[in-house]
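The block underneath contains the structure these notes are about, expressed in structure tokens.
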Amino acid sequence: MEKCKVIAITNQKGGVGKTTTTVNLGVALTNQGYRVLLVDADPQGSLTVSLGIHNPDELEESLATVMQAAIDDRAMPTEVIISHTEGVDLLPSNIELSGMETALFNIMNREYVLKCCIDSIRENYDYILVDCMPSLGLMTLNALVAADSVIIPSQPSFLSTKGLRLLLRTCSKVQRQINRKLHIDGILLTMVDNRTINAKSIIASLRSSVGEQIRVFDTEIPFSVRAAECSVAGESIFKHDKNGKVAAAYEKFSKEVIEIEEHTKDRPRPEWVR
């Protein structure tokens with residue numbers, strides 16, 4: 001690719017599949033030949049744990065270290081990036097990021113710290129996926145300022161879709177006031193159980209009400225116990241259950257994401273991508 005694309009994967013509602021989507025979309029893009037960095041922007045370190053680092057608080061360096069270096073106008077410590085066996089790179093997080101979010105309140109240009117970090121390494125990657133924390137606080141704002149686009153995972157449930165309008169307003173405000181290039185790639189429906197009338201009704205309602213203005217991805221990620229097991233195993237669905245329905249769904253979804261970029265940029269797919 002001529003230019004790296006930074007995607008913030010966010011929803012202020014917890015438990016909607018943000019981390020699962022970040023891991024599996026990242027590995028799916030890697031399987032197609034792209035260079036991918038996953039950034040854990042959540043102090044809980046769920047993405048870091050999901051990639052096999054079971055004690056992230058024991059890490060000497062993390063995203064908080066990198067952001068502090070940016071604040072101090074020092075070079076980013078590149079050894080902080082961890083290579084995973086499935087081909088993706090990881091910029092890990094731990095509880096120190098909670099202190100960093102608090103410290104940002106007293107920093108000049110506090111919305112741009114994560115962007116500064118990402119801009120220093122984005123030339124090494126084709127896609128950088130940022131797994132955001134379940135809030136609309138300063139860390140999430142930093143992710144939206146650093147990103148080119150947003151993907152919003154959402155369960156087909158009343159509580160999950162209820163908060164979408166607030167998130168959409170936040171993205172719109174960031175786009176108008178800080179990051180003019182930011183746009184929403186779409187809403188990804190996750191943990192879908194099409195056997196229930198409630199899920200079918202909410203999906204139909206969401207596609208009809210929001211779909212005219214914002215893409216609701218054709219791909220729907222089905223509910224699966226096997227997918228929930230991946231974080232414990234420290235691997236993606238492609239290694240844990242490569243022939244399952246969730247792996248097939250994320251592979252299809254990755255192609256939708258690639259298609260967005262190709263249509264947006266109006267350029268041919270690079271020859272080296274399989």
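Only a predicted model underlies this, so the values are computations on that prediction, with no experimental measurement involved. No hydrogens, no waters, no symmetry mates; every other heavy atom, side chains included, goes into these values.
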Gap separating the CG atom of L167 from the CG atom of L144, nearest 0.5 angstrom:
7.5 Å

Is I221 reachable from I258 through a run of hydrophobic residues whose side-chain heavy atoms are each under 4.5 Å from the next?
yes

Minimum heavy-atom separation for C116 to A70, with atom names?
SG-CB, 4.1 Å

For N11 and L164, which heavy atoms make the closest approach, and how far apart are they?
ND2-CD2, 4.2 Å

Is there a chain of hydrophobic side chains (I, L, V, M, F, W, Y, each step under 4.5 Å between heavy atoms) that links F238 to V257?
yes

Pairwise side-chain contact, N124 with D89, heavy-atom cut-off 4.5 Å (strictly under):
no

A side-chain contact here means heavy atoms from C-beta on lying under 4.5 Å apart; do N142 and M67 qualify?
yes

Between V246 and R226, does a side chain to side chain contact (heavy atoms under 4.5 Å, CB included) hold up when you go through it step by step?
CA-CA 8 Å; V246 176; R226 298 286 284 167; over 6 Å; no

Shortest non-hydrogen contact from C132 toward T140:
CB-OG1, 4.2 Å

Mind checking whether H54 and V49 have side chains closer than 4.5 Å, heavy atoms only?
yes

Side-chain contact test, heavy atoms from C-beta onward, threshold under 4.5 Å: evaluate it for F253 versus T190 and give yes or no.
no

Here the gap from I151 atom CD1 to L25 atom CG, rounded to the nearest 0.5 Å, amounts to 5.5 Å

Would you mind reporting whether K18 and M133 have side-chain heavy atoms less than 4.5 Å apart?
no

Can you tell if the side chain of V113 reaches within under 4.5 Å of the side chain of I71, non-hydrogen atoms only?
yes

By side-chain contact (heavy atoms from CB on, under 4.5 Å), which residues pair with S120, not counting sequence neighbours?
M76

Report the C-alpha distance between I260 and F217 in whole Å, list the side-chain angles of each, state the deciding distance to 0.1 Å, and finish with yes or no for side chain to side chain contact (heavy atoms under 4.5 Å, CB included).
CA-CA 11 Å; I260 291 172; F217 287 103; 3.6 Å; yes

Tell me every residue that passes salt bridge (Lys or Arg N to Asp or Glu O under 4.0 Å) with E111, counting only those two or more places apart in sequence or in another chain.
none

In terms of heavy-atom contacts, I187 and S154 come closest through CG2-CB, 4.1 Å

Hey, what do you get for CG (L91) to OG (S62), rounding to the nearest 0.5 Å?
8.0 Å

Show which side-chain atoms of residues 95-107 pair as donor or acceptor with protein atoms under 3.5 Å away, not counting sequence neighbours.
from	atom 1	to	atom 2	distance (Å)
E101	OE2	L138	N	3.0
E101	OE2	M139	N	3.2
T102	OG1	S98	O	3.3

Apply the test side chain to side chain contact (heavy atoms under 4.5 Å, CB included) to residues Y250 and T20: give CA-CA distance (whole Å), side-chain angles for both, the deciding distance (0.1 Å), then the verdict.
CA-CA 10 Å; Y250 273 113; T20 299; 3.7 Å; yes

So, does N179 use its side chain to make a donor-acceptor pair with the main chain of V174 at under 3.5 Å?
no

Would a 4.5 Å heavy-atom cut-off, applied to side chains only, mark L47 and V23 as touching?
yes

Side-chain heavy-atom pair L114, L63 within 4.5 angstrom cut-off
yes

With a 6.0 Å cut-off (strictly less than), is the heavy-atom count around CD of E60, excluding the residue itself, greater than 12?
no

Are L90 and I53 close enough, and set up right, to give a side chain to side chain contact (heavy atoms under 4.5 Å, CB included), and what steps lead you there?
CA-CA 11 Å; L90 168 68; I53 301 171; 4.0 Å; yes

Looking at D72, I want to see if its CG is surrounded by more than 12 non-hydrogen atoms of other residues, nucleotides or ligands under 6.0 Å.
yes

Tightest non-hydrogen contact, residues H84 and G234, listed as NE2-O, 3.2 Å

Exam field: side chain T170 to backbone L166, donor-acceptor pair closer than 3.5 Å:
yes

So salt bridge (Lys or Arg N to Asp or Glu O under 4.0 Å) across residues 42-51, not counting sequence neighbours, yields none

For R122, salt bridge (Lys or Arg N to Asp or Glu O under 4.0 Å) partners two or more places apart
D119, D148

Atom CD in E235, atom CG in L51: separation rounded to 0.5 Å?
10.5 Å

Determine whether V192 and F223 fall in the same hydrophobic cluster, where Ile, Leu, Val, Met, Phe, Trp and Tyr are linked whenever their side-chain heavy atoms lie under 4.5 Å apart.
no

Go through the structure and list residues passing salt bridge (Lys or Arg N to Asp or Glu O under 4.0 Å) with D131, not counting sequence neighbours.
none

Correct closest heavy-atom pair for L59 and P92 would be CD1-CB, 3.7 Å

State whether the number of non-hydrogen atoms from other residues, nucleotides or ligands found under 6.0 Å of R180 atom CZ is greater than 12.
no

Quick one: CD1 on I9 to CG on D185, what's the gap to the nearest 0.5 Å?
9.5 Å

Euclidean distance, K173 NZ relative to L182 CG, rounded to 0.5 Å
14.5 Å

